[in-house]
Amino acid sequence: MPMGHTATAQAGSGGLTATEHRLANGLRVVLSEDHLTPVAAVCLWYDVGSRHEVKGRTGLAHLFEHLMFQGSASVPGNGHFELVQGAGGSLNGTTSFERTNYFETMPTHQLELALWLEADRMGSLLAALDEESMENQRDVVKNERRQRYDNVPYGTAFERLTALAYPEGHPYHHTPIGSMADLDAASLEDARHFFRTYYAPNNAVLSVVGDIDPERTLAWVEKYFGSIPAHDGKQPPRDGALPDVMGAELREEIVEEVPARALMAAYRLPHDGTRECDAADVALTVLGGGESSRLHNRLVRRDQTAVAAGFGMLRLAGAPSLGWLDVKTSGGVEVPDIEAAVDEELARFAAEGPTAEEMERAQAQLEREWLDRLSTVAGRADELCRFAVLFGDPQLALTAVRRVLAVTAEEVQAVAAARLRPDNRAVLVYEPLAAPDAAAGTDENDENEGAEQ
């Protein structure tokens, strides 16, 4: 029988609780009751993402995300989608640098179906994986790359900045989408080896959140997942550690068909899970988190040199996080003018730090975002999996906001001074093929960002 323990509600958790269990085959299970609405969310995180891939075989993690919807021993073809949607549920899957996840939200009385479906493909996908499904999904992923990266304005910015920010050979140097050449080179045996290595119960966390009976749910999990054998072939991901500062600015200029000039930059920031990372998150929120931020007020409202200015954070646990700056210019404004203003604002922030009002507003904004993630059963299931896979403790999801609210203005100023510097960034400058029309003014409101989360 599965072993487990019950967590009591912790201060700062809003009364939310979660219980943790582990099956004999290594599957970690997290359950969280919430009887507010008659729905239940199932979320399954596999500890595999693009950081686990090797040169020449990029994109396999994302390709396999698609293959997981191509049928298993008991559910052929598109049956997974058909069964979930026919039962009134919703579903999807995503891939990142650090994980691949699959999720369903179901009416409560259909929870057992979702658990059976996830267990069936974890245990028997290889029985249905063939050349036809491989070719089908290879074409789907290649088309996704064309639609999201290659054929949209600024679409390759995320890929280009990642390649600049993380050096050649680093596990985060390439993005989850992979290259066209590597997608073409992937064989059916590559896919089968990938599944055998990573799609095992001892490499996964299953969370179930919502209107559930924990004892019955755990019995279903044991019934459907308990007989799936563990695999022992996984190697740990390559070390993603890097120096705190890049040491020199890295820059690339792109001339493409884009609607406006743009300045984008990625700053190297502390690893997720650290107090310094939380301080950096507050700093970026003050500087570029919404219309009350410093960069928006300076560039969009006051100077009117930009139509959009944002500064957000890509939190990463296995490598330095990235601070993502994105500014689209107004009319004929030149990028050097924008860059000078950005550097001026960052230097002033590093010298003076945030005001008390800015700290209060930024921390409240981050608290609201945390509450938004936990307010739905699907969001909470995902957060419980995230903290279990990346930090070893799902309970941290329920109290994460306390760490953000504990950050001081002095810590925010210190991380800004140490990290938000010209010698610690990779920069992309976009120039349109035709010079932007200065008469266009600031009517450029329909931006296509093309960045991947």
Side-chain angles (χ1 to χ4, degrees), residues 44-86 90-104 116-152 155-156 158-159 162-163 171 173-200 203-204 228 231 233-235 450 452-453:
L44 188 60
W45 272 45
Y46 290 92
D47 186 10
V48 58
S50 58
R51 67 170 172 166
H52 295 85
E53 298 165 348
V54 296
K55 188 173 182 180
R57 288 297 179 267
T58 66
L60 262 179
H62 181 230
L63 175 60
F64 218 94
E65 173 212 318
H66 286 258
L67 290 172
M68 283 284 276
F69 291 98
Q70 281 294 285
S72 53
S74 303
V75 186
N78 203 39
H80 194 111
F81 272 102
E82 293 169 355
L83 286 169
V84 171
Q85 292 172 340
S90 60
L91 72 162
N92 214 328
T94 67
T95 312
S96 77
F97 291 102
E98 301 182 325
R99 61 95 182 103
T100 308
N101 69 338
Y102 303 90
F103 44 93
E104 294 90 5
W116 174 76
L117 285 167
E118 287 294 356
D120 187 63
R121 61 181 175 182
M122 177 191 281
S124 69
L125 184 118
L126 283 186
L129 184 59
D130 56 21
E131 289 286 359
E132 182 180 356
S133 58
M134 183 79 174
E135 289 306 313
N136 177 287
Q137 290 309 300
R138 192 200 314 269
D139 289 343
V140 169
V141 172
K142 289 167 68 175
N143 193 49
E144 180 182 338
R145 181 185 168 87
R146 294 185 190 98
Q147 290 179 338
R148 294 183 56 201
Y149 282 72
D150 298 335
N151 297 330
V152 295
T156 59
F158 182 72
E159 189 173 45
T162 299
H173 178 72
H174 68 278
T175 58
I177 195 70
S179 72
M180 285 290 197
D182 287 356
L183 288 169
D184 283 332
S187 68
L188 180 60
E189 186 48 45
D190 288 332
R192 287 174 172 161
H193 177 73
F194 194 87
F195 179 85
R196 286 191 292 264
T197 302
Y198 296 110
Y199 278 75
N203 194 47
I228 302 172
H231 301 168
K234 178 188 172 184
Q235 297 296 313
E452 174 180 317
Q453 296 299 317

Spatial distance of atom CG (Leu60) from atom OG (Ser187) [nearest 0.5 Å]: 8.5 Å
Please work out whether the ring planes of Tyr102 and Tyr46 are parallel, tilted or perpendicular, with thresholds of 30° and 60°. perpendicular
Contact check, side chains of Asp182 and His174, non-hydrogen atoms, under 4.5 Å: no
Between atom CD of Glu104 and atom CG of Leu83, what is the distance when rounded to the nearest 0.5 Å? 11.0 Å
Walk me through it: do Arg138 and Glu131 pass the test salt bridge (Lys or Arg N to Asp or Glu O under 4.0 Å)? CA-CA 10 Å; Arg138 192 200 314 269; Glu131 289 286 359; 5.3 Å; no
Looking at every non-hydrogen atom in both residues, tell me the closest pair between Ala186 and Met134 and how far apart they are. O-CE, 3.7 Å
Ignoring hydrogens, what is the shortest heavy-atom contact between Glu53 and Ala61? Give both atom names and the distance. OE2-N, 2.8 Å
Between atom NE2 of His52 and atom CZ of Phe97, what is the distance when rounded to the nearest 0.5 Å? 13.5 Å
Can you name the closest pair of heavy atoms from Ser72 and Ser124 and give their distance? CB-OG, 3.7 Å
Partners passing ring pair (Phe, Tyr, Trp, His ring centres under 6.0 Å) against His66 (at least two apart in sequence or in another chain): His62
Using every non-hydrogen atom in the two residues, find where Ala191 and Leu67 come nearest and quote the distance to one decimal. CB-CD1, 4.1 Å
Any side-chain heavy atom of Ile177 sitting closer than 4.5 Å to one from Tyr149? yes
Looking at Glu159 and Thr175, would you say the former's side chain and the latter's main chain have a donor-acceptor pair under 3.5 Å? no
CD/Glu189: more than 12 non-hydrogen atoms of other groups inside 6.0 Å: yes
Determine whether a donor-acceptor pair (N or O, by modelled atom type, separation under 3.5 Å) exists between the side chain of Lys234 and the backbone of Asp47. yes
What I'd like to find out is whether the side chain of Leu126 reaches to under 4.5 Å of the side chain of Leu129, using heavy atoms alone. yes
So CD of Gln147 and NZ of Lys142: to nearest 0.5 Å the spacing works out to 14.0 Å
From Phe103 CZ over to Leu44 CG, what is the distance, rounded to the nearest 0.5 angstrom? 11.5 Å
Ring centres of Phe64 and Tyr199 under 6.0 Å apart? yes
Holding to side chain to side chain donor-acceptor pair (under 3.5 Å), I want the full list of residues that pass it with Arg57, two or more places apart in sequence or in another chain. Asp190
Any side-chain heavy atom of Gln235 sitting closer than 4.5 Å to one from Thr197? no
Sidechain-backbone polar pair: Arg145 side chain, Ser179 backbone, donor-acceptor under 3.5 Å: no
Start with the C-alpha gap between Met180 and Arg146, add the side-chain angles, then the distance that decides, and say whether side-chain contact (heavy atoms from CB on, under 4.5 Å) holds. CA-CA 10 Å; Met180 285 290 197; Arg146 294 185 190 98; 3.7 Å; yes
Looking at Val75, is its backbone amide N or carbonyl O close enough to the side chain of His80 to form a donor-acceptor pair, meaning the two atoms are under 3.5 Å apart? no
Find out whether the Lys NZ or Arg CZ of Arg121 is both under 6.0 angstrom from the six-membered ring centre of Phe69 and within 45° of the ring's axis. yes
Side chains of Thr94 and Arg99: do they bring a donor and an acceptor to under 3.5 Å? yes
Look only at the side chain of Thr100 and the backbone of Val48, and say whether a donor-acceptor pair between them is shorter than 3.5 Å. yes
Specify the closest pair of heavy atoms between Ser96 and Pro176, including all atoms of both residues, with the distance to one decimal. C-CG, 3.6 Å
Using 0.5 Å steps for rounding, measure from the CG atom of Asn101 to the OG1 atom of Thr95. 7.5 Å
